[in-house]
Amino acid sequence: MPELPEVETIRRNLARTIKGKRISRVSILQPAMVKREIAPPMLAKRARNRFITAVKRRGKALLIFLDSPDVIVFRLGMTGQMLWSSPGRPVRRDMHTHVIIDFGAGERLLFRDPRRFGEMYLTGKGNIECILRMGTEPLHRNFTPVVLNSVINSRVRIKQLLLDQKKIAGIGNIYSDEILFEAGIHPCTPSCSIKGVRLGKLHKAVCLILREAIACNGDTVSDYRTAFNENGSYQDNHRVYQRQGEPCLRCGTPIERMQLGGRSSHYCPKCQK
DNA sequence: AGTACGCCCTGGCCGC
DNA sequence: TGCGGCCAGGGCGTAC
């Protein structure tokens, strides 16, 4: 499932391929995937003939900036993919391909999403923050232990808090489990009870795990692919995620799994207190 | 207001 | 072997 490291990998791929290019056509094959007030035909019309000035990311959202007041926002949900297709390495569209952005000369970007939890929309550049309403960017240099302390101010269990995009942007179910293991913190710990050394460890773990995952080009547990249709490799580095029953890599205790707020949570009962 | 939960969707996997 | 049913979960809407 695309979380911050996966979207960042795709962003870097697209910055190399589509930045500076002109959109010749936008084909919306599945109009239901286009959300918000601007209807699919209008979106296609407003994006047509526009140059792409930048490819950015905010949390798990991918932002394609146009040389107009508009920006195209993609949210990939659980199984969304952004696939780059060129004459040298063509990608064939299938029943799960919902949008095709053509650049001419056989170059195109495909938005695919089998489970259709993703979405696409067009909005004004000035509206982005207002629409996304996301919290702090964990890899930005202004994300400090002091900032982390200020957002973990509730009694909500830390696992659920890490998943709250309004608090910290971009962390999903895989990385929240991996971060809490790295920090040695039990997922049920009340957020506001994490102070001092433990807070420092948590801050360090957030930065470390996310950077490590980006270095791996993300985590392919199921559908995620880079924009070049390649697998990530972070799944080979899981300490706890989907390792229930297997020995903890640190102490050998079997990894446990529990439901927390409707999401599965994996942890070592001995290493995480 | 802050928190909890159900819903959307479909491929893959499990068990009979 | 085949098929029915259930599970995964990001983000939002609703309920309490």
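Naming convention: chains lettered A, B, ... in sequence-line order (proteins, then strands); numbering from 1 in each chain.
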Under 4.0 Å between a side-chain N/O of A:R75 and OP1 or OP2 of C:dC12, yes or no?
-> yes
Taking only the side-chain heavy atoms of A:L163 (C-beta and beyond), determine which of B:dA4, C:dG10, C:dA8 contains the nearest atom.
-> C:dG10
Verify stack between A:F117 ring and C:dG10 base, 5.5 Å, 30 degrees | yes
Rounded to whole angstroms, how far apart are CE on A:M78 and P on C:dC7?
-> 15 Å
The single option from A:L76, A:T79, A:T97 passing side-chain contact (heavy atoms from CB on, under 4.5 Å) against A:R112 = A:T97
A:R157 (side chain) donor-acceptor with A:L260 (main chain) under 3.5 angstrom | no
Only one of A:Y121, A:W84, A:F74 passes ring-ring contact (aromatic ring centres under 6.0 Å, His included) with A:F111; say which it is.
-> A:F74
Interatomic distance where CG belongs to A:D177 and P belongs to C:dG10 [whole Å] | 10 Å
What is the nucleic acid contact for A:R257, judged by heavy atoms within less than 4.0 Å: base, sugar-phosphate only, or nothing?
-> sugar-phosphate
Indicate, with yes or no, if the rings of A:Y175 and A:Y234 have centres closer together than 6.0 Å.
-> yes
A:I171 CD1 to C:dG10 P, straight-line distance once rounded to whole Å | 12 Å
Check whether any side-chain nitrogen or oxygen of A:K60 sits under 4.0 Å from OP1 or OP2 of C:dG11, and answer yes or no.
-> yes
Quickly work out the A:D113 CG to B:dG11 C1' distance and round it to whole Å.
-> 12 Å
Separation of B:dT3 atom P from A:K166 atom NZ, nearest Å, is 13 Å
Residue-phosphate contact under 4.0 Å: A:Q160 side-chain N/O, B:dT3 OP1/OP2 | no
Separation between CG of A:L14 and CD1 of A:I64, rounded to the nearest 0.5 Å | 6.0 Å
When the distance from NZ of A:K35 to C1' of B:dC9 is rounded to whole Å, what number comes out?
-> 11 Å
side-chain hydrogen bond (donor to acceptor under 3.5 Å, both in side chains), paired with A:Y267, selected from A:E256, A:R239, A:K159 = A:E256
side-chain contact (heavy atoms from CB on, under 4.5 Å) partner of A:I72, chosen from A:V99, A:L122, A:V26 = A:L122
To the nearest angstrom, how far is A:R225 atom CZ from B:dG11 atom C1'?
-> 13 Å
Distance, rounded to the nearest Å, where A:L76 contributes CG and C:dG9 contributes C1' = 14 Å
Go through residues 118-134 of chain A and report each residue with a non-hydrogen atom lying under 4.0 Å from DNA chain C, sorted by number.
-> none
Answer with base, sugar-phosphate or nothing: what part of the nucleic acid does A:F74 contact at a heavy-atom distance below 4.0 Å?
-> nothing
Any side-chain donor near an acceptor of the partner, A:H203 and A:N149, under 3.5 Å = no
Phosphate OP1/OP2 of B:dC9 contacted by A:H96 side-chain N/O (<4.0 Å) | no
Could you work out which one of B:dG11, C:dG11, C:dA8 sits closest to the side chain of A:P114?
-> B:dG11
Check whether any side-chain N or O of A:R116 sits under 4.0 Å from OP1 or OP2 of B:dT10, and answer yes or no.
-> yes
Hey, is the side chain of A:Y241 poking within less than 4.0 Å of OP1 or OP2 on C:dG9, counting only N and O atoms?
-> yes
Between A:E8 and A:R57, is there a salt bridge with N-O shorter than 4.0 Å?
-> yes
Just by modelled atom types, is the A:V91 backbone N or O under 3.5 Å from a matching donor or acceptor in the A:S85 side chain?
-> yes
For DNA chain C, the residues among residues 258-268 of chain A that have a non-hydrogen atom under 4.0 Å from it | A:R263, A:S264
